Amino acid sequence: MATLHWRYEDLPWDSLDRSRIDPELVPLIKAAALVEFNADDYTAYLCNVFKDDPDFQQAAHDWAVEEVQHGRALGRWAELVDPSFNFERAVQRFRAGYRVPIDLTASIRGSRSGELIARCMVETGTSSYYTAIADSTDEPLLKLICRNIAADELRHYKLFYGYAKRYLETERLSKWQRLKVALARIGETEDDELAYAYYAANAEEGVPYERKTFNAAYAKRAWGRYQEPHVERAIAMVFKACGLKPHTTPFKMATKVAWWLIAGKARASARAA
């Protein structure tokens with residue numbers, strides 16, 4: 001049974017300050033709520049991959065409980081800010097058009113340790129993302145929610161990293177193999193999941209889904225939230241998961257490249273908008 005580090009019900013919902021709401025953030029929060037709330041599908045997939053590891057299966061179920069709470073908290077905030085937004089209806093719309101392939105019995109990463117490294121990349125991204133949102137908003141309730149979520153995601157990273165080390169003892173992926181898995185998973189951040197979540201949460205009924213359109217709408221609001229310290233922290237987490245040492249010359253170079261890419265995406269998205 002998961003022990004929650006904070007509870008949705010205990011959040012200070014009456015502290016919402018409408019005068020400090022950034023309207024450009026609201027569509028992002030709606031989309032994020034759907035992705036977080038969909039964690040049970042990922043748990044089903046992970047339990048298939050680790051079908052003979054009951055310890056990890058329990059950890060995955062506990063992880064999902066916290067992820068679902070993230071979605072519920074973000075969805076409730078969005079409903080308070082925009083009364084026309086119906087979180088449950090948006091969830092149904094999202095699931096009707098986007099599904100995780102839960103019936104697989106082996107990891108799409110080629111190994112269990114590869115799967116866990118890929119999960120580390122997801123937690124790296126979400127921890128950085130919610131930290132960036134928390135730092136970019138003055139609305140006190142959203143700031144608190146995002147800080148809570150970012151802390152959870154950092155713990156989730158440590159959880160999956162711990163299991164990855166266990167499986168690496170037998171599967172022995174090289175640093176290069178681990179890095180390939182990491183880079184492949186990072187590259188998937190522009191797949192359909194976020195774009196479709198943005199569509200399901202924000203598009204009017206009857207509007208057709210176009211990946212390029214809704215990915216651009218998401219990007220123009222998201223990339224500019226990041227600051228260089230967020231990127232440096234994320235690269236340190238990537239390096240650790242791949243068995244590489246942070247605070248070295250390759251780390252500094254990777255951080256500069258990553259920040260250059262993200263800053264470039266932010267500028268390009270702003271120009272396109």
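All values derive from a computational prediction rather than experimental measurement.
- Using a distance-only test at 3.5 Å, with no hydrogens or angles considered, no donor-acceptor pair links the side chain of His61 to the main chain of Gln58.
- Salt bridge status for Glu115 with Arg112: absent, with no side-chain N to carboxylate O gap under 4.0 Å.
- Taking hydrophobic clusters as Ile, Leu, Val, Met, Phe, Trp and Tyr residues chained together by side-chain heavy-atom distances below 4.5 Å, Phe239 does not share a cluster with Leu168.
- The salt bridge (charged side-chain N to carboxylate O under 4.0 Å, His left out) contacts involving residues 84-98 comprise nothing, where partners must be two or more places apart or lie in separate chains.
- Closest approach of Ala182 to Cys242, counting heavy atoms only: CB-SG, 3.7 Å.
- At a threshold of 4.5 Å between non-hydrogen side-chain atoms, the residues Lys30 and Val26 count as touching.
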| message | Run Arg155 and Glu66 through side-chain contact (heavy atoms from CB on, under 4.5 Å) and show every step you take. | response | CA-CA 11 Å; Arg155 285 189 298 98; Glu66 293 193 339; 3.2 Å; yes
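- Every residue two or more places apart in sequence or in another chain was checked for a salt bridge (Lys or Arg N to Asp or Glu O under 4.0 Å) with Arg72, and none qualifies.
- Judged by distance alone, the side chain of Thr43 and the main-chain N or O of Ala39 form a donor-acceptor pair under 3.5 Å.
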May I have the step-by-step check of side-chain contact (heavy atoms from CB on, under 4.5 Å) for Asn202 and Tyr218, ending in yes or no? CA-CA 10 Å; Asn202 295 289; Tyr218 168 83; over 6 Å; no
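- Partners of Glu123 by side chain to side chain contact (heavy atoms under 4.5 Å, CB included), not counting sequence neighbours, listed by chain and number: Trp63, Glu67, Arg119, Thr126, Glu153, His156, Tyr157, Phe160.
- The closest side-chain heavy-atom distance from Val207 to Phe214 is below 4.5 Å.
- When every heavy atom of Val49 is checked against every heavy atom of Ala106, the shortest pair comes out as CG2-C, 3.9 Å.
- No side-chain heavy atom of Val81 sits less than 4.5 Å from a side-chain heavy atom of Ile29.
- Under the 3.5 Å distance criterion, the side-chain polar atoms of Asn38 are left unmatched by any main-chain donor or acceptor of Leu34.
- Taking every heavy atom of both residues into account, Ala234 and Ser128 meet most closely at CB-OG, 3.3 Å.
- Shown here for Leu154 and Arg233, the closest heavy-atom pair between the two residues is CD2-NH2, 3.7 Å.
- Leu173 is listed as a side-chain neighbour of Ser111, based on a closest heavy-atom distance under 4.5 Å.
- Note on residues 159-183: pairs passing salt bridge (charged side-chain N to carboxylate O under 4.0 Å, His left out), not counting sequence neighbours, are Asp53-Arg166, Asp55-Arg166.
- For residues 9-24, the set of pairs meeting the salt bridge (charged side-chain N to carboxylate O under 4.0 Å, His left out) definition, not counting sequence neighbours, comprises Arg7-Glu9, Arg7-Asp10, Asp17-Arg20, Asp22-Arg225, Glu24-Arg221.
- Distance alone, capped at 3.5 Å, places no donor-acceptor pair between the Thr137 side chain and the Ala134 backbone.
- Residue pairs meeting the ring pair (Phe, Tyr, Trp, His ring centres under 6.0 Å) criterion with at least one partner in residues 20-45, sequence neighbours excluded, are Phe37-Phe87.
- Side-chain atoms of Tyr8 and Trp13, non-hydrogen and from C-beta on, do get closer than 4.5 Å to each other.
- In this structure, Phe251 and His247 have perpendicular ring planes: the angle between them is above 60°, well past the 30° mark.
- The distance from the CD1 atom of Ile235 to the NZ atom of Lys252 is 15.0 Å, given to the nearest 0.5 Å.
- Summarising the geometry of Ala197 relative to Ala31, their closest heavy-atom pair is CB-O, 3.7 Å, with the distance given to 0.1 Å.
- Minimum interatomic distance between Leu141 and Pro12 (heavy atoms only, all atoms of both residues): CD1-O, 3.7 Å.
- The shortest distance between side-chain heavy atoms of Trp6 and Ile149 falls below 4.5 Å.
- To the nearest 0.5 Å, atom CG of residue Leu142 and atom CZ of residue Arg147 are 10.5 Å apart.
- In this structure, Leu104 CG and Leu46 CG are separated by 11.0 Å, a value rounded to the nearest 0.5 Å.
- Residues Arg99 and Asp41 are paired through a salt bridge, judged by an N-O separation under 4.0 Å between the basic side chain and the carboxylate.
- Counting only heavy atoms from C-beta outward, the side chains of Tyr129 and Thr124 never approach each other to under 4.5 Å.
- Ile133 is listed as a side-chain neighbour of Leu25, based on a closest heavy-atom distance under 4.5 Å.
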